[in-house]
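Below is one structure, written out as structure tokens, with a few remarks after it.
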Amino acid sequence: MNSDQVTLVGQVFESYVSEYHKNDILLILKERDEDAHYPVVVNAMTLFETNMEIGEYFNMFPSEVLTIFDSALRRSALTILQSLSQPEAVSMKQNLHARISEVGSLCCSGWS
């Protein structure tokens, strides 16, 4: 992937999780264990409907795109954390991981 593609994927995913998974991220930020690993499960169909290019890049470069998703998720969590008026009961978590659901159904959705 070139740098423009990496930037696009990161920006789209950060915007997506900030809009559709803000509550999931808030719940994670409220968890006490800063070293635990926290997944945020994203529905592939909804994400790829937001931007079809993301789906194409995911199919071509799945490992690289997941790494970009994880970084974008951390940026989103930091933005959400910084926007809180009372951040006492929350803390940043470094081990946030994007997990994509419904991917298997994408390849065969037109098949009966």
CD1/Ile68 to OG1/Thr7 distance, rounded to the nearest 0.5 angstrom?
8.5 Å

Minimal non-hydrogen separation, Leu66 against Ala98, with atom names
CD2-O, 4.0 Å

Backbone N or O of Gln11 within a donor-acceptor pair of the Ser15 side chain at under 3.5 Å?
no

Can you list the residues that meet the side chain to side chain contact (heavy atoms under 4.5 Å, CB included) rule with Val12, with sequence neighbours excluded?
Leu8, Asn51, Ile54

Distance (rounded to the nearest 0.5 Å) between Glu56 CD and Phe61 CZ:
11.0 Å

Exercise: identify the closest heavy-atom pair between Asp24 and His21
OD2-ND1, 2.7 Å

Do the side chain of Ser76 and the main chain of Leu73 share a donor and acceptor less than 3.5 angstrom apart?
no

Please state whether the rings of Phe13 and Phe69 are parallel, tilted or perpendicular, taking 30° and 60° as the class boundaries.
parallel

Backbone of Tyr38 reached by a side-chain donor or acceptor of Lys93 within 3.5 Å
no

Where the side chain of Lys22 meets the backbone of Tyr20, is there a donor-acceptor pair that is under 3.5 Å apart?
no

Enumerate the salt bridge (charged side-chain N to carboxylate O under 4.0 Å, His left out) contacts for residues 62-84, please, sequence neighbours excluded, ordered by first and then second residue.
Glu14-Arg75

Distance-minimising heavy-atom pair for Asp35 and Asp33:
N-OD1, 2.9 Å

Verify the cluster assignment for Leu96 and Leu84: are they in a single hydrophobic cluster under the rule of side-chain heavy atoms below 4.5 Å apart?
yes

If you count the non-hydrogen atoms of other residues, nucleotides and ligands that lie under 6.0 Å from CD in Glu88, is the total more than 12?
yes

Here the pair of heavy atoms bringing Asn95 nearest to Ala36 is CB-O, 3.2 Å

